[in-house]
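Scope of the values below: all heavy atoms of this structure, side chains included, with no hydrogens, waters or symmetry mates.
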There are 2 protein chains.
Amino acid sequence: MNAAERLVESTRELLWERGYTGISPKGIQQRAGVGQGSMYHHFAGKRELALAAIGRTAEETRARAEEQLSGTGTSVERVTAYLRRERDVLRGCPIGRLTQDPEVMADPALREPVDRTLAWLRERLAQVLAEGRERGELDAGLDPWAVAATTVAVLQGGYVLARAAASAQPFDQAVDGVLGLLAAHVRP
Amino acid sequence: MNAAERLVESTRELLWERGYTGISPKGIQQRAGVGQGSMYHHFAGKRELALAAIGRTAEETRARAEEQLSGTGTSVERVTAYLRRERDVLRGCPIGRLTQDPEVMADPALREPVDRTLAWLRERLAQVLAEGRERGELDAGLDPWAVAATTVAVLQGGYVLARAAASAQPFDQAVDGVLGLLAAHVRP
DNA sequence: GTCTATATGACGATAGAC
DNA sequence: GTCTATCGTCATATAGAC
């Protein structure tokens with residue numbers, strides 16, 4: 001892996017762990033094993049590195065979700081596969097955590113991929129749920145958009161609870177809870 | 001309000017807006033309108049200020065939740081009152097946001113009130129739901145602990161979605177979604 | 001492309017006068 | 001109690017040699 005590539009990967013890791021406000025060019029260089037001059041040759045500064053890093057993480061996040069959501073099975077089976085996918089729960093969501101960073105939220109270019117990824121997730125889940133309703137797998141009374149927002153919120157909030165508790169248990173409970181509630185809307 | 005009091009209040013605001021990693025003694029002093037010497041006379045440093053500020057915010061958060069959860073009405077009515085309570089959605093949760101701060105999570109004393117508050121919320125909601133089940137208001141099949149975790153996660157995740165979208169709409173949708181799902185478990 | 005040197009300001013605190 | 005002076009370190013680059 002070349003210097004530019006290592007720098008972006010280090011930035012991705014550090015953004016995940018510490019957020020934009022919590023990282024420094026020096027820290028990125030050290031983790032990447034790249035000198036100062038080299039970093040400033042490839043990138044204009046911390047912000048340019050973050051733009052590249054966040055863009056890549058956003059793309060990856062959408063691609064991984066699409067794997068489960070476009071898989072086989074009923075609507076509810078695909079949502080379940082997405083929610084129960086193996087996750088590094090205590091690390092949290094690398095996109096969702098950026099919503100808590102004041103400098104990311106204040107910068108339209110840094111913010112855009114965060115907004116877009118979470119909006120896309122809600123929309124994609126709403127599609128899957130609407131499909132399930134049309135196929136008669138789910139009750140007609142279910143609101144796909146509301147339940148989609150609930151589902152994404154359970155994930156994001158589950159990470160918060162897990163990190164606070166230093167345990168994956170509350171995350172798993174929250175997922176169990178929403179899937180249990182949803183089960184009552186599956187048609188026989 | 002005296003200097004010590006103003007310092008704690010400024011710290012509470014800044015922690016909410018920027019997290020522990022994102023604030024500085026200087027910023028706290030300026031918002032409080034208090035000089036450097038005065039700050040270090042009343043508090044040993046940034047960490048001591050944060051301990052006082054987080055402790056107070058945690059207490060207040062639990063007290064405000066208890067207002068709705070110990071109110072009148074059925075189990076589901078009280079949970080609904082809590083979820084639909086007026087909130088400054090775009091500011092997020094002053095406790096939940098601290099789970100994304102690496103320095104808070106690394107310091108047991110700073111972390112404890114965060115953990116305790118979110119654990120208390122889950123437990124209190126589970127109590128309310130269990131009570132509803134015992135009284136026959138809710139289906140016997142409902143798991144109070146799982147649904148409690150889901151409910152708190154919907155709140156915390158709702159804040160994340162709202163901040164990303166710069167709109168309260170996804171928060172409201174997520175709340176509507178979980179209440180809609182819960183409605184199917186209310187006994188006639 | 002990568003290195004070292006240098007610059008400017010902020011961070012987080014301590015010391016001692018008033 | 002509050003003020004000003006001072007301190008060592010880190011943040012975020014820029015400049016120019018190799």
Side-chain angles (χ1 to χ4, degrees), chain A residues 1-56 97-98 100-111, chain B residues 1-56 97-98 100-111:
Chain A
M1 213 161 40
N2 61 24
E5 195 59 28
R6 285 209 306 282
L7 285 164
V8 173
E9 286 304 313
S10 300
T11 306
R12 296 218 297 153
E13 290 174 21
L14 282 165
L15 280 175
W16 196 351
E17 292 168 22
R18 306 187 49 84
Y20 185 78
T21 303
I23 67 178
S24 69
K26 191 177 183 178
I28 294 169
Q29 294 152 26
Q30 284 175 346
R31 183 168 303 206
V34 162
Q36 191 149 343
S38 182
M39 190 201 101
Y40 282 104
H41 171 75
H42 292 290
F43 296 92
K46 173 178 165 176
R47 182 170 177 275
E48 304 302 313
L49 264 165
L51 278 172
I54 296 175
R56 186 178 295 184
R97 80 107 54 229
L98 297 175
Q100 303 304 325
D101 194 297
E103 299 187 46
V104 171
M105 289 296 99
D107 184 329
L110 291 175
R111 177 190 195 123
Chain B
M1 213 162 39
N2 61 25
E5 195 58 28
R6 285 209 306 283
L7 284 164
V8 173
E9 287 304 312
S10 299
T11 306
R12 297 218 297 152
E13 289 174 20
L14 282 165
L15 280 175
W16 197 350
E17 293 168 21
R18 306 187 48 84
Y20 185 79
T21 303
I23 68 178
S24 68
K26 191 177 183 178
I28 295 168
Q29 293 151 27
Q30 285 176 344
R31 184 168 301 206
V34 162
Q36 192 148 344
S38 182
M39 190 201 100
Y40 281 103
H41 171 75
H42 292 290
F43 296 92
K46 173 178 166 177
R47 182 171 177 274
E48 304 302 313
L49 264 165
L51 278 172
I54 297 176
R56 188 178 294 183
R97 80 107 54 230
L98 297 174
Q100 303 304 325
D101 194 298
E103 299 187 46
V104 170
M105 289 297 100
D107 184 328
L110 291 175
R111 178 192 194 122

Whole-Å distance separating the [atom1] atom of [X] from the [atom2] atom of [N]:
| X | N | atom1 | atom2 | answer |
| --- | --- | --- | --- | --- |
| B:Arg18 | C:dC11 | CZ | P | 9 Å |
| A:Leu49 | D:dT12 | CG | P | 12 Å |
| B:Gln29 | D:dG1 | CD | P | 18 Å |
| A:Lys46 | C:dA10 | NZ | P | 15 Å |
| A:Phe43 | D:dT12 | CZ | C1' | 16 Å |
| A:Gln30 | D:dC10 | CD | C1' | 11 Å |
| B:Met39 | C:dA13 | CE | C1' | 9 Å |
| B:Glu5 | D:dG1 | CD | P | 15 Å |

* Asked: Quick one: which of D:dT12, C:dT14, C:dT2 gets closest to the side chain of B:Gln36?
  -> C:dT14

* Which nucleotide in the set C:dT14, C:dC11, C:dT2 lies at the smallest distance from any side-chain heavy atom of B:Tyr40? -> C:dT14

* Asked: Is the backbone N or O of A:Ile23 less than 3.5 Å from a side-chain atom of A:Arg18, with the two atoms forming a donor-acceptor pair by type?
  -> no

* Are any side-chain N or O atoms of A:Arg111 and backbone N or O atoms of A:Met105, one a donor and one an acceptor, separated by less than 3.5 Å? ->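 Flag set: sc A:Arg111 to bb A:Met105 pair under 3.5 Å.
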
Are the charged groups of [X] and [Y] less than 4.0 angstrom apart, N to O?
| X | Y | result |
| --- | --- | --- |
| B:Glu9 | B:Arg6 | no |
| A:Glu103 | A:Lys46 | no |
| B:Glu5 | B:Arg56 | yes |

* To do: For A:Gly35, report the nucleic acid contact type (base, sugar-phosphate, nothing); a contact means any heavy atom under 4.0 Å.
  =>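 Result for A:Gly35 = sugar-phosphate.
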
* Under 4.0 angstrom, heavy atoms only, what part of the nucleic acid is A:Ile23 near: base, sugar-phosphate, or nothing? -> sugar-phosphate

Does [N] have OP1 or OP2 under 4.0 Å away from a side-chain N or O of [X]?
| X | N | result |
| --- | --- | --- |
| B:Lys26 | C:dC11 | no |
| B:Ser38 | D:dG1 | no |
| B:His41 | D:dC3 | no |

